[in-house]
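Encoded as structure tokens, the structure appears first; notes follow it.
The structure presented is a predicted model; accordingly, all values stated were derived computationally and were not measured.
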Amino acid sequence: MLINLFTLPIFTLSANAEESHIFGNLSISPEYMETVTAKMNISIYGYLGIRGERPINKALNLFYNISYEMESGKDNENDFSPKDQYIGLQGNLGVIALGRDKTLLKRSEGNVDLFNYLSADIKFLFKGQDRLPQTATYVTPTWQGSNVGISYLTNANEEQYGMNGYSIAARYGDTLLNDSALYTAIAYDHNVKGYNIFRATFQSQFNQLILGGMYQRQEQVYSLGIAVSEPINTGYMLSLIYPLNSVNIKGQFQIMENTGRSAAIGLEYSLSNAIDLLLYYVNRCYDEQINDPIDSTEEKYLGININYLF
């Protein structure tokens, strides 16, 4: 099944093979927050979609993915928005896809972000966590566990401020660490939503310990369609998972120059193959009040996440 363009294997289907299915996720997080004031919040995140594939001939397959996401618990925001929506071809020469999709820089993170979609998501300090329309992506066939990809982003996308952009990445290994003991990737965004970004990522398993890390350099080059000259900021992220009996201990630390730093710890317990419980604590400090003069520069979150994947 086609799940991730960047780690997509090249294969051949029989002439009468055809497959499609519905997939989704539902994540609920009752959470105690201390920002400007202390309050309780119930965040709900989820997505629902359909993906499929069918052969055109013995050497070429067509695939598609259409999905929408939902996020509630925030004031004055639309709950529903488009997620990955693309159609493409896969064959012996690689994969090409057109539509709305994650940039290859975002895809290159693999599973290093242990608190994805939660209050410790790396998106709060790192730029580049983008999913954009008007994209064309090509990924080479995988050779000895490695492949390379490039995405072209047209200036028809309003968030590109009239500029064309591209996202490129090269990766080695398996993001799930099933087929290889190491996952590593390097990626670069040029003129993507006004930023140039370089990112290097790794994740590896040492006995029971899973250790991951990320290095990022980001520079804003456009703002509202006007060229700007901002300093290049450097950041780091380190994450780890250690199983203790039936509980996974998760930790994550992140820092970005001239932006802030974040630390998170979690205890995860699996009720089944599809349902996980995560108790987590997050402390994030900003270098300045980046959103509003009355905002607090320190944020604390204590919550429990119930995640159902199907």
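- Linking ILVMFWY residues whenever their side-chain heavy atoms come closer than 4.5 Å, directly or via other members, leaves Leu211 and Ile249 in distinct clusters.
- Cation-pi check for Lys83 over Tyr47 is met; the charged atom lies under 6.0 angstrom from the ring centroid and within 45 degrees of its normal.
- Applying the 6.0 Å contact sphere to CZ of Arg261 captures no more than 12 heavy atoms from other residues, nucleotides or ligands.
- There is no path of hydrophobic side-chain contacts, each under 4.5 Å, that joins Tyr152 to Ile168.
- Side-chain contact, Ser119 with Asp121: no donor N or O sits under 3.5 Å from an acceptor N or O.
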Practice prompt. Applying salt bridge (charged side-chain N to carboxylate O under 4.0 Å, His left out), run through Lys102 and Asp130 and close with a yes or a no.
Written response: CA-CA 6 Å; Lys102 305 177 185 70; Asp130 299 317; over 6 Å; no
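- Between Thr297 atom OG1 and Glu299 atom CD the span is 9.0 Å, to the nearest 0.5 Å.
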Practice prompt. Apply salt bridge (charged side-chain N to carboxylate O under 4.0 Å, His left out) to Arg107 and Asp101, showing your working.
Written response: CA-CA 10 Å; Arg107 284 195 179 278; Asp101 199 4; 2.6 Å; yes
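- Under a 3.5 Å cut-off, the side chain of Glu109 and the backbone N or O of Val112 do not form any donor-acceptor pair.
- Figure legend: Arg171 and Tyr183 shown without cation-pi pairing, the cationic atom not lying both under 6.0 angstrom from the six-membered ring centre and within 45 degrees of its axis.
- For an aromatic pair to be called close, the ring centres must be under 6.0 Å apart, and Phe80 with Tyr68 fails this.
- Hydrophobic clustering, with ILVMFWY side chains joined whenever heavy atoms are under 4.5 angstrom apart, keeps Leu238 apart from Phe126.
- A donor-acceptor contact closer than 3.5 angstrom is absent between the side chains of Asp287 and Asn258.
- Under a hydrophobic-cluster definition in which Ile, Leu, Val, Met, Phe, Trp and Tyr are linked whenever side-chain heavy atoms come within less than 4.5 Å, directly or via other members, Leu279 and Ile306 are assigned to different clusters.
- Considering OH of Tyr308 and OG of Ser272, their distance stands at 8.0 Å, rounded to 0.5 Å.
- The aromatic rings of Tyr45 and Tyr117 sit parallel to each other, their planes meeting at less than 30°, with 60° as the upper class boundary.
- For the side-chain contact (heavy atoms from CB on, under 4.5 Å) criterion with Ile210, the lone passing option out of Leu177, Leu240, Asn248 is Leu177.
- Among pairs with a residue in residues 215-238, those fulfilling ring-ring contact (aromatic ring centres under 6.0 Å, His included) read Tyr215-Tyr236, at least two apart in sequence or across chains.
- A donor-acceptor contact under 3.5 angstrom links the side chains of Ser270 and Asp276, judged on distance only.
- Counting only N and O atoms by type, the side chains of Asn307 and Asn25 include a donor and acceptor under 3.5 Å apart.
- In this structure, a donor-acceptor pair under 3.5 Å is absent between the side chains of Gln85 and Asn65.
- Cluster membership for Leu114 and Leu118, using ILVMFWY side-chain heavy atoms within less than 4.5 angstrom, is shared.
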